[in-house]
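Written out below as structure tokens is the structure these notes cover.
FYI, the numbering just counts along the sequence from 1.
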Amino acid sequence: MLPSTPGKVKIERAGAMTRQLHRCFASTGTMFLWALFLVAMTATYLSFHSFVDTSSRYFAASWGGLHWERQIRASASPRRPPGSAEGAGLSVLVTGAAGFVGTHCSLALRKRGDGVVGIDNFNKYYDPSLKKARRALLASHGVFVVEGDINDGRLLTKLFDVVPFTHVLHLAAQAGVRYAMENPASYVHSNIAGLVSLLEACKEADPQPAVVWASSSSVYGLNDAVPFSEAHRTDRPASLYAATKKAGEEITHTYNHIYGLSVTGLRFFTVYGPWGRPDMAYFSFTRNILQGKPITVYRGRDHVDLARDFTYIDDIVRGCLASLDTAGRSTGTGGRKRGPAPYRIFNLGNTAPVTVPTLVSILERYLRVNAKRNVVEMPGNGDVPFTHANISLAREQLGYKPTTSLEMGLKKFVRWYLSYYGYNRGTQAFNNL
């Protein structure tokens, strides 16, 4: 029962243990190598994914690059002839350039030889295809529009690095009184945060541009003294939209006081005309009348008809350009004020309020279609029953003088609407407009 060589058993047992340990260490080493390999592969994947993601964002961006900068400079270069009556020409950054007022102002600036660069985020508040059509119109006149948001500080800084703009015409905003009840955050984002972002870029620019921006007649809110004057109270807004515009006036005053920015605020009164906003009453009335749909006509308390100081777009454009021409220089450098700078606020209206039923009657006559009216009491949505502009200050300091009656303005609008949307083109009725 005993082995003939007892020592041999111990040696064999030791050898087996050594082989097991060797296999164990070999297996552990292999696992370690596999682990290293997996870690390396994971790191490589993550790096590649980050590179692809960064590259995608870079290539998806609608701005940047040498070609983009050349387009910006070309669009921003004034083209006034030497010795022209207007002077050497302005270089203007127009925010909201693909919007209604922005498009008309950009075209007017370019027509007289000023340099113009636009910026617009093409949001979906109303049909973006109309904004894109406006951008195509601007492009055909040599105006380049950057697709971007005024809350993008990097983009604004880049624009001011590429071009030393002399002026900024700030028209970008979340518009509309009633929509504020559905999406209040959009008004804070655009009308307050966006304004601050733009003013920050302006105060850091060298040279600082003069700023002309669109406030609103809505700031008069519950004021019942008419016609509305710049000296009247504006501390009782009737809507969130009005509150954001009033906040904008206070914010611009702060930047004027601290940083020496030249600021002009323009309180627009119900602007209308070709290429207008589809959410405006005159535009939606036209669409519904042509489609045989009923229109909703709001009425104030005690069956009083609502009235608006309707102002044709060409008159508003003249007021905007006069504001740019008379703005005066900003006095800051690199965010530091060197002296007082101009701060102004003007009403831009027509001074001839017209009731909404009268507006509808004029449209019926030009469209040759009777409207199906649904008359209801105005809901508590922040709208006001009456607007009427006192423009004596703008007349005195800007030479502002509106010349287009509602009859003539709506005639021009209807002709554009029928042409743009393809109604009755070539007919006698269309040609008689």
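The closest donor-acceptor contact from the side chain of His232 to the backbone of Ser229 lies under 3.5 Å. Side-chain N or O atoms of Thr166 include one that pairs as donor or acceptor with a backbone N or O of Ser91 at under 3.5 Å. Within the 3.5 Å criterion, the main-chain N or O of Gln71 finds no donor-acceptor partner in the side chain of Ser75. Using a distance-only test at 3.5 Å, with no hydrogens or angles considered, no donor-acceptor pair links the side chain of Glu147 to the main chain of Asn121. Judged by distance alone, the side chain of His167 and the main-chain N or O of Leu324 form a donor-acceptor pair under 3.5 Å. Between the side chain of Ser284 and the main chain of Ala281, a donor-acceptor pair closer than 3.5 Å is present. Formation of a donor-acceptor pair under 3.5 Å by the Ser77 side chain with backbone atoms of Arg73 is found in this model. Judged purely by atom type and a 3.5 angstrom limit, Arg110 uses its side chain to pair as donor or acceptor with the backbone of Asp114. Of the possible polar contacts, one joining the His104 side chain to the Pro274 backbone as a donor-acceptor pair under 3.5 Å is found. The closest donor-acceptor contact from the side chain of Tyr187 to the backbone of Ala180 lies under 3.5 Å.
A cation-pi arrangement, defined by a distance under 6.0 Å to the six-membered ring centre and an angle within 45 degrees of its axis, is absent between Arg233 and Tyr220. Figure legend: Lys131 and Tyr126 shown as a cation-pi pair, the cationic atom lying under 6.0 angstrom from the six-membered ring centre and within 45 degrees of its axis. Under a cutoff of 6.0 Å and an axis angle of 45°, Lys203 and Tyr259 form a cation-pi pair.
Arg267 and Glu230 are not joined by a salt bridge, as no carboxylate oxygen comes within less than 4.0 angstrom of a charged side-chain nitrogen. Between Glu204 and Arg336 there is no salt bridge, since no side-chain nitrogen of the basic residue lies less than 4.0 Å from a carboxylate oxygen of the acidic one. A salt bridge links Glu250 to Lys246: at least one charged side-chain nitrogen sits closer than 4.0 Å to a carboxylate oxygen. Salt-bridge formation is detected for the pair Asp315/Arg318: a Lys NZ or Arg NE/NH1/NH2 atom is positioned less than 4.0 Å from an Asp or Glu carboxylate oxygen.
A donor-acceptor contact closer than 3.5 angstrom is absent between the side chains of Thr311 and Asn350. Counted by atom type alone, Asp279 and Tyr125 present one or more donor-acceptor pairs between their side chains at under 3.5 Å. No hydrogens or angles considered: a donor-acceptor pair under 3.5 Å links the side chains of Thr355 and Thr358. Using modelled atom types and a 3.5 Å distance limit, the side chains of Lys245 and Ser215 yield no donor-acceptor pair. Looking at Gln174 and Tyr241, their side chains never bring a donor and an acceptor atom within 3.5 Å of each other. Side-chain contact, Arg344 with Thr326: a donor N or O sits under 3.5 Å from an acceptor N or O.
In terms of heavy-atom proximity, Ser323 sits nearest to Leu398 at OG-CD1, 3.5 Å. Nearest heavy-atom pair, Leu171 versus Thr95, reported as atom, atom and distance to 0.1 Å: N-OG1, 2.9 Å. Taking each heavy atom of Phe268 and Cys320 in turn, the nearest pair found is CZ-SG, 3.7 Å. When every heavy atom of Ser262 is checked against every heavy atom of Ala327, the shortest pair comes out as OG-O, 2.9 Å. The two residues Asn347 and Asn390 come nearest to each other via the heavy atoms ND2-O, 3.0 Å. A pairwise comparison of heavy atoms in Ala97 and Gly118 identifies CB-CA, 3.5 Å as the closest pair.
With sequence neighbours left out, the side chain to side chain donor-acceptor pair (under 3.5 Å) criterion links Asp206 to no other residue.
By the 30° and 60° cut-offs, the orientation of the rings of Tyr417 relative to Phe413 is tilted. In this structure, Trp416 and Tyr421 have perpendicular ring planes: the angle between them is above 60°, well past the 30° mark. Relative ring orientation between Tyr272 and Phe310 is described as perpendicular, the plane-to-plane angle rising above 60° on a 0-90° scale split at 30° and 60°.
Of the inter-residue distances, the one linking Thr331 atom OG1 with Leu261 atom CG reads 8.0 Å to the nearest 0.5 angstrom. From Tyr400, atom OH reaches atom CG of Leu348 across 5.0 Å, with rounding to the nearest 0.5 Å. In this structure, OG1 on Thr252 lies 8.0 Å from CG on Asn256, to the nearest 0.5 angstrom. Put simply, NZ on Lys372 and CD on Gln291 are 11.5 Å apart, with the number rounded to the nearest 0.5 Å. The distance from the OG1 atom of Thr351 to the CD1 atom of Ile391 is 5.0 Å, given to the nearest 0.5 Å. Distance CZ/Phe346 to CD/Glu396: 9.0 Å, rounded to 0.5 Å.
Considering Leu90, Leu109, Ile316 as possible partners of Leu321, the one that fulfils the side chain to side chain contact (heavy atoms under 4.5 Å, CB included) test is Leu109.
Atom CZ of Arg154 has 12 or fewer neighbouring heavy atoms from other residues, nucleotides or ligands inside a 6.0 Å radius. Taking a 6.0 Å sphere around CZ of Arg373, one finds it holds more than 12 heavy atoms contributed by other residues, nucleotides or ligands.
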Phe269 and Val271: side chain to side chain contact (heavy atoms under 4.5 Å, CB included), yes or no, with the steps? CA-CA 6 Å; Phe269 281 73; Val271 190; over 6 Å; no
Evaluation steps, side chain to side chain contact (heavy atoms under 4.5 Å, CB included), between Leu169 and Leu93: CA-CA 6 Å; Leu169 180 57; Leu93 174 64; over 6 Å; no
Determine whether Lys111 and Leu107 satisfy the following criterion, side chain to side chain contact (heavy atoms under 4.5 Å, CB included), listing intermediate values before the conclusion. CA-CA 6 Å; Lys111 183 177 181 180; Leu107 288 172; over 6 Å; no
Checking ring pair (Phe, Tyr, Trp, His ring centres under 6.0 Å) for the pair His388/Phe228: CA distance, chi angles, key distance, verdict? CA-CA 6 Å; His388 184 186; Phe228 298 159; 8.0 Å; no
